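Atoms within each ligand, like the ligands themselves, are counted from 1 in listed order. Source: prediction; values computed, not measured.
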Amino acid sequence: MIWNEEFETLPREALEALQLKRLKALIEKEYAVVPHYRQKMDEAGVKPSDIKNLHDLRKLPFTTKEDLRKNYPFGLFAVSFERVVRIHASSGTTGKPTVVGYTKRDIDSWAELMARTLSAGGAHQGDVVHNAYGYGLFTGGLGAHYGAERLGAAVIPISGGNTKRQIMIMQDFGSTVLLCTPSYALNIADVMKEMDIDPSSLKLRVGLFGAEPWSENMREEIEKKLRIKALDIYGLSEVMGPGVASECIEGKRGLHVFEDHFIPEIINPETGEVVGPGALGELVFTTITKEAFPVVRYRTRDMSRLIPESCTCGRTFYRMQRITGRSDDMLIIRGVNVFPSQIEHVLMSIEGVEPHYQIIVDREGSLDVMEVQVEISEKMFSDEVKVLERLGKRIEREIKDLLGISCKVKLVEPKTIQRSEGKAQRVTDKRKI
Ligand code: DLL
């Protein structure tokens, strides 16, 4: 079902006219009220009046995570703080998170876009939406929650964790739509098997999965194990949260980008040039309706391509292919965005630890596990075992405090971690996804 026929099926020409109108208003506002944008535009020699058509977007400088970090926490907000009604955050590249804000109208648009997402997956009033995305600073839980309510479905705000209880609630409350990360969906399927529960005895019909990379193979596995349809949904905090793009149940190939709210571009991550139609590159978004935290040409670091051909569902928005990788080193471990630099940050603050480490990520069953191998100094190495054990535990605790996920720390002898002869290869990702 198409939630908002009027906008989701706008003829291309009308859609582009709307985008241009909204883009012009955005750039005028950013230039007038956010010093960072004004400065960057001045440096690039562009004025708001230079934006005469959609192609002119390319004249504008990119926004990066580094820009967000420099303006931490609220420096890029474009409204007075009294108008902000919600704050979310996600991992930054160092110790500080990336902070985003919403006005009442932003929350309203977000609910609309998540209602569209759910509706594209065939959800409707009367459905029981089992929302196992995490509630909290993460945008997944609350973002999806408001959308399910807007749709008129009954939402269970279960959040993540305690899988056995999740399954009991699915059985007892008759959950029909599952929202969680794809790896957690597989985890639920495994626990169901352990509990000897036949998934076809449940009412689950469809799952909307995102927040981490997954593949067609994983889709097949989830569909088979849980006996549901599995769809891909995409978003990021900096642009809004979930509800930036989503697959429809009719097409099931590529995610419709909600282009009346976001303008997508694909660039070559090395040169910053916009690539030709259909080519693979880094996704860049400009938010054209957001009030509190609009972004201009935000570099997502996610690799994808745009699919302009129309879809059988009737929506006119371009689709994006499922994310095929990243143009930086960000990892997503159990749904949490992790930058190796954050781990380095922790290690470097601890005495007795050398700046040589390896991060090994693997999947045990459907759970991500992370091991950090850390080289210790000669001096530390001669210490008692008890001292070393304490050091290992301390690193584990500090990583957990910063990232919110546990890992195993293995201290290794001095000079055993291979030295790099170029770019350091600090991460080994053994997960097959
Ligand atoms: O993960 C928002 C979200 C919540 C999306 C729930 C979908 C469902 P962040 O924590 O800011 O926001 O992480 C954003 O996650 O840049 C991608 O690298 C990755 N990501 C999100 N969705 C997908 C997906 C939320 N469907 C980062 N496929 C993004 C692959 C995804 N990667």
Interfacing atoms of ligand 1 (cut-off 4.0 Å, heavy-atom, [X]):
X      : result
Ile332 : 15 (O), 18 (O), 19 (C)
Asp232 : 24 (C), 26 (N)
Met330 : 18 (O)
Arg326 : 16 (O), 18 (O)
Pro213 : 30 (C), 32 (N)
Ile323 : 28 (N), 30 (C)

Just checking, any donor-acceptor pair under 3.5 angstrom between side chains of His36 and Arg38?
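No, no side-chain donor-acceptor contact under 3.5 Å.
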Keeping Gln19 on the side-chain end and Glu259 on the backbone end, is there a donor-acceptor pair under 3.5 Å?
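Yes.
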Please answer whether the main-chain N or O of Gln39 pairs with a side-chain N or O of Asp42 as donor and acceptor at a distance below 3.5 Å.
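No; zero donor-acceptor contacts below 3.5 Å.
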Which residue holds the protein heavy atom closest to [atom], what is that atom called, and what is the gap in Å?
atom                    : value
atom 2 (C) of ligand 1  : Gly235 O, 3.5 Å
atom 13 (O) of ligand 1 : Asn337 ND2, 3.1 Å
atom 11 (O) of ligand 1 : Ser237 OG, 2.5 Å
atom 31 (C) of ligand 1 : Glu212 N, 3.7 Å
atom 18 (O) of ligand 1 : Asp302 OD1, 2.6 Å

Contact between ligand 1 and Arg322 is defined here as a heavy atom of the residue under 4.0 Å from a ligand atom; is it met?
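It does not; every heavy atom stays at 4.0 Å or beyond.
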Please classify the [X] to ligand 1 contact at 4.0 Å (heavy-atom distances, strictly less than): side chain, backbone, both or neither.
X      : result
Thr139 : side chain
Thr98  : neither
Leu255 : neither
Leu236 : both

A cation-pi test, strictly: NZ or CZ of Arg334 under 6.0 Å from the centre of the six-membered ring of Tyr184 and no more than 45 degrees from its axis. Yes or no?
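No, cation not above the ring by the 6.0 Å, 45° rule.
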Lys/Arg N to Asp/Glu carboxylate O, Arg205 vs Asp127, below 4.0 Å:
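Salt bridge: yes.
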Ion pair check, Glu28 and Lys24, cut-off under 4.0 Å
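Looking at Lys24 together with Glu28, the answer is no, because their closest N to O distance does not fall below 4.0 Å.
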Here's a test for you: under side chain to side chain contact (heavy atoms under 4.5 Å, CB included), which of Asp302, Leu331, Thr300 qualifies with Arg326?
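Passing option: Asp302.
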Quick one: does [X] get an N or O within less than 3.5 Å of an N or O on ligand 1?
X      : value
Tyr133 : no
Ala211 : yes
Thr300 : no
Ile233 : yes

Run the side chain to side chain contact (heavy atoms under 4.5 Å, CB included) check on Asp260 and Phe317 step by step: do they pass?
CA-CA 8 Å; Asp260 51 336; Phe317 299 146; 3.5 Å; yes
Answer whether the closest heavy-atom distance between the side chains of Ile167 and Val191 falls below 4.5 Å.
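Heavy-atom side-chain distance check passes, below 4.5 Å.
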With a 4.5 Å limit on heavy-atom distance, are the side chains of Glu265 and Leu57 in contact?
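Counting from C-beta outward, Glu265 and Leu57 do come under 4.5 Å.
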Ring centre gap for Tyr102 and His88 strictly below 6.0 Å:
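Under 6.0 Å, so yes.
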Using the six-membered ring wherever Trp is involved, compare the ring planes of Phe74 and Phe77 and label them parallel, tilted or perpendicular (cut-offs 30° and 60°).
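Tilted: the ring planes of Phe74 and Phe77 meet at 30° to 60°.
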